[in-house]
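Structure record follows, encoded as structure tokens.
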Amino acid sequence: MFSFMIALNPETKSAYKLLHDGALALARCESHGMRVDVKYIKKQQKVLTEKIESLEAEFSKTNFYKEWKKSEKGKLNIYSNKQLGEFIYKELGHKVEKRTTKGNASTDIEALQNLGIKDLEPYLKIGKFRTLKKTFLKGLETEVINGVVYPFFHLHIPVTYRGSSSSPNFQNMPKRDPEQMNIIRGAIFPSKGHQILELDYAQLEVRIAAAYHQDPTMLTYINDKSTDMHRDMAQQIFKINKYNPKDKTHSYARSATKNGFVFPAFYGDYHVGFAKTLASFKWMGLPAHGTWKDTDGAAFKNKTMGHHLIKHGIDHLGLPTYENGKKVSQPTGFTKHLQEIEKHFWGTRFPVYDKWKEDWYQQYLKDGYFYNKTGFTFQGVMNKKDCINYPVQSSAFHVLLWALIAGIKAMLSDRWKTRFIGQIHDSIILDVHPKELNQIVKIMRCIMENDVRKHFPWINVPLEIDGEICDVDCAWSTKREFAIDKL
DNA sequence: GGAACTCGCCAC
DNA sequence: AAACGTGGCGAGTTCC
């Protein structure tokens, strides 16, 4: 056995206490659970089954299906990725554009869409309904006890010291796709006479990262509300001279930039990834195949962002090419454009952040371990991206966990009727008594924005929360913005 | 018949 | 030179 001489972190005791109190707080959430409508679940399962069967019927009429069936000699399972991949790439001879992490030909939605096979359209629609039915609705149905499900919350699973949830997983209910969101969250209800409230930190990881690297430009973006990092980056990427928030294309550009460039860049992605993601957004109006100048495809329309870029001389994707894992051609077009912006992003816009990443990693290479801001040890084999991400992800979650613990303390001492349902990494979900709503939002806001900073004085940036509220006795799908500033 | 693996897809 | 961090979970496949 090896024995390690690791210096004792003076914060270790408080780190232990956070996990201890956190486990008790989450146990309270687990014992409260959330109400689900079992009749609704059964009804939706039926609706989804019919949708799936009708799409399967439509697909089975296509030539693609008939050929595929023939080639499988009666053993066709349309949900076998192995069969699908072999038929498309070996039998039909399509070029493999995307591979899985293990290096096999990918059959995910993106890969299939890029093949441009019209017969696959009904097939592609089936996937999301199957996930809704087999994962989410069935997950709730399996776990329900007398109309209530009790998700588990764990603190000992992620290597980053984040939390996780299971049976059912409370932390991955559909949210972004309105159709999926409505179907699943439509099954989840507050206690009788209550309403569901969600309080989430705005840009928590970005702010916690700033507490580590102290980049002055990032601090300005966080402190000065007249500035907007995503807007600035969107203007640069999409060559927008004057940003107009009322222009739909501009606001799409901002959100695409946030999700397709800025966040992936913080996680360690680079220009090839940015280019693929950004070009795939539908609002760009770019054709899935050929050059962007190719206007035969119905996908290309005037007045799209794609058209705007072409006018500025960015007229093709320009991914670098590889042979046997070696780069044999440099990026051009959109990818080269993003490569230049990436260089400016780290080298000129956030040089202090960039230097922190390198220094932090070098320190780990020297020591073999590091501590995060909340007093936890990280050791073992880590690459540079792990080293940069783990301390931020963990401490961001610990801020939330501390706020949850403090909230439950207040609930007990002030005898609230309101209860806590759970935690989703940077948000807290409550089952609120309507008469307590305003007061509780005020108390929680004070805990989440102010008290937590007194407990963790290394947070030298403001913290802000947003709120979402559902109607009384109504499902989680009825959530809408809750203007906590106006209280 | 179950364990382990891969893939795809949902969340942050 | 190469390249996206953390989970849970269902389905299909392979191996024992």
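Convention: sequence-line order gives letters A, B, ...; per-chain numbering from 1. The analysis underlying the following values was restricted to heavy atoms, covering all of them including side chains, and did not include hydrogens, waters or symmetry mates.
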Tell me: [atom1] of [X] to [atom2] of [N], nearest whole Å?
X: Ile388(A); N: dG5(C); atom1: CD1; atom2: C1'; result: 11 Å
X: Asp386(A); N: dA3(C); atom1: CG; atom2: P; result: 15 Å
X: Trp346(A); N: dC4(C); atom1: CH2; atom2: C1'; result: 13 Å
X: Leu338(A); N: dA3(C); atom1: CG; atom2: P; result: 18 Å
X: Phe87(A); N: dG12(C); atom1: CZ; atom2: C1'; result: 19 Å
X: Glu141(A); N: dG10(C); atom1: CD; atom2: C1'; result: 15 Å
X: Lys384(A); N: dG5(C); atom1: NZ; atom2: P; result: 14 Å
X: Tyr267(A); N: dC12(B); atom1: OH; atom2: P; result: 10 Å

Selection from [options] that lies nearest to any side-chain heavy atom of [X]:
X: Asn81(A); options: dA11(C), dG8(B), dA3(C); result: dG8(B)
X: Lys175(A); options: dC12(B), dG7(C), dA11(C); result: dC12(B)
X: Lys385(A); options: dA11(C), dG5(C), dC12(B); result: dG5(C)
X: Ile157(A); options: dG7(C), dG8(B), dC12(B); result: dG7(C)

Counting only heavy atoms not in [X], do more than 12 sit closer than 6.0 Å to its [atom1] atom?
X: Lys276(A); atom1: NZ; value: no
X: Tyr150(A); atom1: OH; value: yes
X: Lys336(A); atom1: NZ; value: no
X: Tyr252(A); atom1: OH; value: no
X: Lys98(A); atom1: NZ; value: yes

What's the shortest heavy-atom distance between Leu155(A) and Gly163(A), and which atoms?
-> CD2-CA, 4.3 Å
Heavy-atom closest contact (Ala275(A) atom, Phe334(A) atom, distance) | O-CE2, 4.1 Å
Would you mind telling me which of Gln362(A), Lys355(A), Gln363(A) makes a side-chain hydrogen bond (donor to acceptor under 3.5 Å, both in side chains) with Asp359(A)?
-> Lys355(A)
Looking only at side-chain N and O atoms, does [X] come under 4.0 Å of OP1 or OP2 in [N]?
X: Ser80(A); N: dT13(C); value: yes
X: Gln83(A); N: dG12(C); value: no
X: Ser166(A); N: dG8(C); value: no
X: Asn389(A); N: dC4(C); value: no
X: Ser167(A); N: dC9(C); value: yes
X: Lys82(A); N: dC7(B); value: no

Gap in Å between the two P atoms, one belonging to dC10(B) and one to dA3(C), rounded = 25 Å
Between dC4(C) and dC7(B), how far is it from one P atom to the other, in whole Å?
-> 15 Å
Contact class for [X] vs. all strands (heavy atom < 4.0 Å): base, sugar-phosphate, or nothing?
X: Leu204(A); result: nothing
X: Glu205(A); result: nothing
X: Phe263(A); result: nothing
X: Tyr270(A); result: base
X: Val159(A); result: sugar-phosphate
X: Pro174(A); result: sugar-phosphate

Mark yes or no for a side-chain to base donor-acceptor pair under 3.5 Å between Arg162(A) and dC12(B), with no hydrogen or angle criteria applied.
-> yes
State whether a side-chain donor-acceptor pair under 3.5 Å links Arg349(A) with Gln236(A).
-> yes
Determine whether the side chains of Glu198(A) and Ser427(A) contain a donor N or O and an acceptor N or O closer than 3.5 Å.
-> yes
The correct list of stems in which DNA chain C takes part (3 or more consecutive Watson-Crick or G-U pairs, distances under 3.5 Å) is B:1-12 with C:5-16
Among residues 93-106 of chain A, which contact DNA chain C at a heavy-atom distance under 4.0 Å?
-> none
Pro168(A) vs Thr160(A), nearer the 5' end of DNA chain C by closest nucleotide | Thr160(A)
With side chains defined as the heavy atoms from C-beta onward, is the minimum distance between Phe376(A) and Leu18(A) less than 4.5 Å?
-> yes
Honestly, is Arg130(A) close enough over Tyr79(A), meaning NZ or CZ under 6.0 Å from the six-membered ring centre and within 45° of the axis?
-> yes
Lys373(A) charged N/C atom sitting above Tyr212(A) aromatic ring, 6.0 Å / 45° | yes
Any ion pair linking Glu86(A) and Lys82(A) (charged N to carboxylate O, less than 4.0 Å)?
-> yes
Any residue of residues 423-431 of chain A with a heavy atom less than 4.0 Å from an atom of DNA chain B | Ile424(A), His425(A), Asp426(A)
